[in-house]
2 protein chains.
Amino acid sequence: MYDVFFSKFNEKVQLSESEEYAVKQFLTPKKLRKRQYLLQEGDICKTVAFIEKGAMRSYIVDSDGQEHIFSFALEGWAIGDLSSFLTEQISTQNIDALEDCELVLISKYAHDQMLISVPKYATFFRILMTEAYIALQKRTLSIISMSLDDRYKSFIDQYPDIVQRVPQHMIASHMGLSPETLSRIRSRIGKSQ
Amino acid sequence: MYDVFFSKFNEKVQLSESEEYAVKQFLTPKKLRKRQYLLQEGDICKTVAFIEKGAMRSYIVDSDGQEHIFSFALEGWAIGDLSSFLTEQISTQNIDALEDCELVLISKYAHDQMLISVPKYATFFRILMTEAYIALQKRTLSIISMSLDDRYKSFIDQYPDIVQRVPQHMIASHMGLSPETLSRIRSRIGKSQ
DNA sequence: AACTTCCATTGATTTTGGTCAAGATAAACC
DNA sequence: GGTTTATCTTGACCAAAATCAATGGAAGTT
């Protein structure tokens, strides 16, 4: 039931049987149908979701009603509005399912408890946090320094699975572009890629 | 000598006298003159620098030789190429001093030792990491969803001290803009701000 | 199978930001 | 103090992306 989650966990920090059992007590499984929300703007993000199966996205809606996708997440990735989750402030993000999903939920209470009582959870979380930061730094650097063509090439290079499973206009939104512009980039660089 | 560092540390995680002493053994003070490098492209980032006094920036140079500023850091902030520091791979970033600086350096060895032997350091690092991630997320959201005028307004709102101490063309670079465009934004929104 | 909705592409036009160039001011250096 | 160098601003022009609009195709629904 929590296969992907624990395989990811053990890949970062090796757990004993009893530690794995302890962590398991804090987890909640949840299924989400395509288009269902995990979080809506205005709510507090009460859980972080780890994806066992499926695909999700987080996005914000600007003052003109336009959606801007902040992130995608597939199997083995976590998603949630960390800022809202940790500070328990109202979120400005929406998170929903792009496909039918199987999730592992970690509540704020579970998170806080595990930080105290399961030292390896603190380590695991620190490592995920660091990796997420490095990935986001890479994305920021590519935004401020690369041409659109190169940014798209590097995206499909880094996340081929997302390109396969997510409609192109959403990838355009993630890059901060109009769908038409992304379509033209693809025709420029040869859409075979 | 490490006043700002420990004041920041204690603000996040309260240290006892003996813990503070233990941490101190792992720290190295360093002074840097304006324009001096902490890290140059092609080197491995061997230390994270915590700023006691002064101002620094990190930037990358693209294939056309153009500089793109990734981040600024003032007193109380840390700077370094985390990706290079943690993986010990060659860095693509440059980090130098915008003003004469007093730094507290944490080497990779010191970092790893403290993660093991000083549990509160692990907590401190996790908290800094999380805050850095949230700040970077906010920046990314503003890039993909806000107008340039609003992005600049939100920047001067959030980092008035940086606007005071750093030349405008560097802030333009940080936003991914030409200096001329930032100048025009400022004249549009009334540069009084 | 017919119908509807979503999606990707392409063209024409407008808007926005970049580039090039010149001039003004201020700061750093000798 | 005078010269050089960095910084900022403004204008004219150019390039790139957004917008508007239309079409064709794919996927989902009944």
Side-chain angles (χ1 to χ4, degrees), chain A residues 33-36 54-55 57 59 61-69 72 96-100 142-153 155-156 160 162-193, chain B residues 33-36 54-55 57 59 61-69 72 96-100 142-156 162-193:
Chain A
R33 290 267 182 71
K34 184 173 174 170
R35 316 210 93 243
Q36 262 194 292
R57 64 163 179 171
Y59 64 96
V61 180
D62 69 19
S63 42
D64 300 332
Q66 264 225 286
E67 287 181 7
H68 301 273
I69 295 180
F72 299 109
D96 64 10
L98 298 174
E99 305 171 358
D100 292 351
S142 78
I143 291 176
I144 60 174
S145 74
M146 284 162 69
S147 72
L148 287 185
D149 288 21
D150 288 346
R151 270 176 67 199
Y152 181 65
K153 280 189 225 160
F155 185 85
I156 57 184
I162 290 178
V163 178
Q164 289 304 316
R165 285 161 67 176
V166 166
Q168 272 161 44
H169 71 270
M170 288 192 184
I171 291 169
S173 169
H174 181 267
M175 293 180 71
L177 303 178
S178 70
E180 293 94 332
T181 298
L182 182 55
S183 171
R184 288 180 178 115
I185 290 169
R186 282 167 53 78
S187 80
R188 269 206 296 271
I189 68 178
K191 65 202 83 180
S192 56
Q193 311 199 36
Chain B
R33 289 269 182 70
K34 183 173 176 171
R35 315 209 94 243
Q36 262 194 293
R57 63 162 179 169
Y59 64 97
V61 180
D62 70 18
S63 42
D64 300 334
Q66 265 226 285
E67 287 181 8
H68 301 273
I69 295 180
F72 299 110
D96 63 9
L98 298 174
E99 304 172 357
D100 292 352
S142 79
I143 291 176
I144 60 172
S145 75
M146 284 163 67
S147 71
L148 288 185
D149 289 21
D150 287 346
R151 271 176 67 200
Y152 181 65
K153 279 188 227 161
S154 115
F155 185 87
I156 57 184
I162 290 179
V163 178
Q164 290 304 317
R165 285 161 68 175
V166 166
Q168 273 160 43
H169 70 273
M170 290 195 184
I171 292 168
S173 169
H174 180 266
M175 293 180 71
L177 303 176
S178 69
E180 294 94 331
T181 297
L182 183 55
S183 172
R184 288 180 178 115
I185 290 170
R186 283 168 51 78
S187 80
R188 268 206 297 270
I189 67 177
K191 64 203 81 181
S192 56
Q193 311 201 34

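The analysis underlying the following values was restricted to heavy atoms, covering all of them including side chains, and did not include hydrogens, waters or symmetry mates. Quick caveat: nothing in here was measured; it's all calculated off a predicted structure. Naming convention: chains lettered A, B, ... in sequence-line order (proteins, then strands); numbering from 1 in each chain.
- Between the P atom of dC7(C) and the CE atom of Met170(A) lies a distance of 6 Å, rounded to the nearest Å.
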Inset, instruction - Would you mind building the protein contact string for nucleotides 23-30 of chain C? One character per nucleotide, 5' to 3', B for base within reach (heavy atoms under 4.0 Å), S for sugar-phosphate only, - for untouched. - result: --------

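- Annotation: Arg33(A), atom CZ; neighbour count of heavy atoms from other residues, nucleotides and ligands within 6.0 Å does not exceed 12.
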Inset, instruction - Do nucleotides 12-19 of chain C as a string where each nucleotide becomes B, S or -: B if the base has a protein heavy atom under 4.0 Å, S if just the sugar-phosphate does, - if no protein is that close. - result: B----SSB

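- Side-chain N/O atoms of Gln168(B) include one lying less than 4.0 angstrom from OP1 or OP2 on dT9(D).
- Expressed to the nearest 0.5 Å, how far CD1 of Ile69(A) lies from CZ of Arg57(A) amounts to 5.0 Å.
- Bending across the helix from dA1(C)-dT30(D) to dC30(C)-dG1(D), expressed as the angle between its end axes from five pairs apiece, amounts to 50° (10° rounding).
- Ion pairing of Asp96(A) with Arg35(A) is absent here, as no side-chain N (NZ or NE/NH1/NH2) approaches a carboxylate O to less than 4.0 Å.
- The interatomic distance linking Tyr152(B) (OH) with dC8(D) (C1') rounds to 12 Å, in whole Å.
- Rounded to whole Å, the distance from CD on Glu67(B) to C1' on dA6(D) is 14 Å.
- For the pair Met175(A) CE and dA18(D) P, the computed distance is 10 Å after rounding to whole Å.
- His169(A) has no side-chain polar atom (N or O) that falls below the 4.0 Å cut-off from OP1 or OP2 of dC6(C).
- The CD1 atom of Ile185(B) sits 10.5 Å away from atom NZ of Lys153(B), with the distance rounded to the nearest 0.5 Å.
- Summarising the geometry of Ala172(A) relative to Ser178(A), their closest heavy-atom pair is CB-O, 3.8 Å, with the distance given to 0.1 Å.
- Atom pair Arg186(B):CZ and dT7(D):P shows a separation of 15 Å (rounding to whole Å applied).
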Inset, instruction - Decide yes or no on side chain to side chain contact (heavy atoms under 4.5 Å, CB included) for Tyr152(A) and Thr181(A), but give the supporting numbers first. - result: CA-CA 11 Å; Tyr152(A) 181 65; Thr181(A) 298; over 6 Å; no

Inset, instruction - Determine, step by step, whether His174(A) and Ile162(A) satisfy the side chain to side chain contact (heavy atoms under 4.5 Å, CB included) criterion, reporting the C-alpha distance in whole Å, the side-chain angles of both residues, the deciding distance to 0.1 Å, and the verdict. - result: CA-CA 11 Å; His174(A) 181 267; Ile162(A) 290 178; over 6 Å; no

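- In this structure, Ile189(A) places its CD1 atom 16 Å from C1' of dA16(D), rounding to the nearest Å.
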Inset, instruction - With side chain to side chain contact (heavy atoms under 4.5 Å, CB included) as the test, would you mind laying out the steps for Met146(A) and Asp62(B) before giving the verdict? - result: CA-CA 8 Å; Met146(A) 284 162 69; Asp62(B) 70 18; over 6 Å; no

Inset, instruction - Begin with the C-alpha distance, continue with both residues' side-chain angles, and end with the deciding distance and a verdict on side chain to side chain contact (heavy atoms under 4.5 Å, CB included) for Phe72(B) and Arg165(B). - result: CA-CA 11 Å; Phe72(B) 299 110; Arg165(B) 285 161 68 175; over 6 Å; no

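- Here the closest non-hydrogen pair linking Asp100(B) and Lys34(B) is OD1-N, 2.8 Å.
- Of the possible polar contacts, one joining the His68(A) side chain to the Ile144(B) backbone as a donor-acceptor pair under 3.5 Å is found.
- In this structure, the CG atom of Asp64(A) is 11 Å from the P atom of dC20(D), given to the nearest Å.
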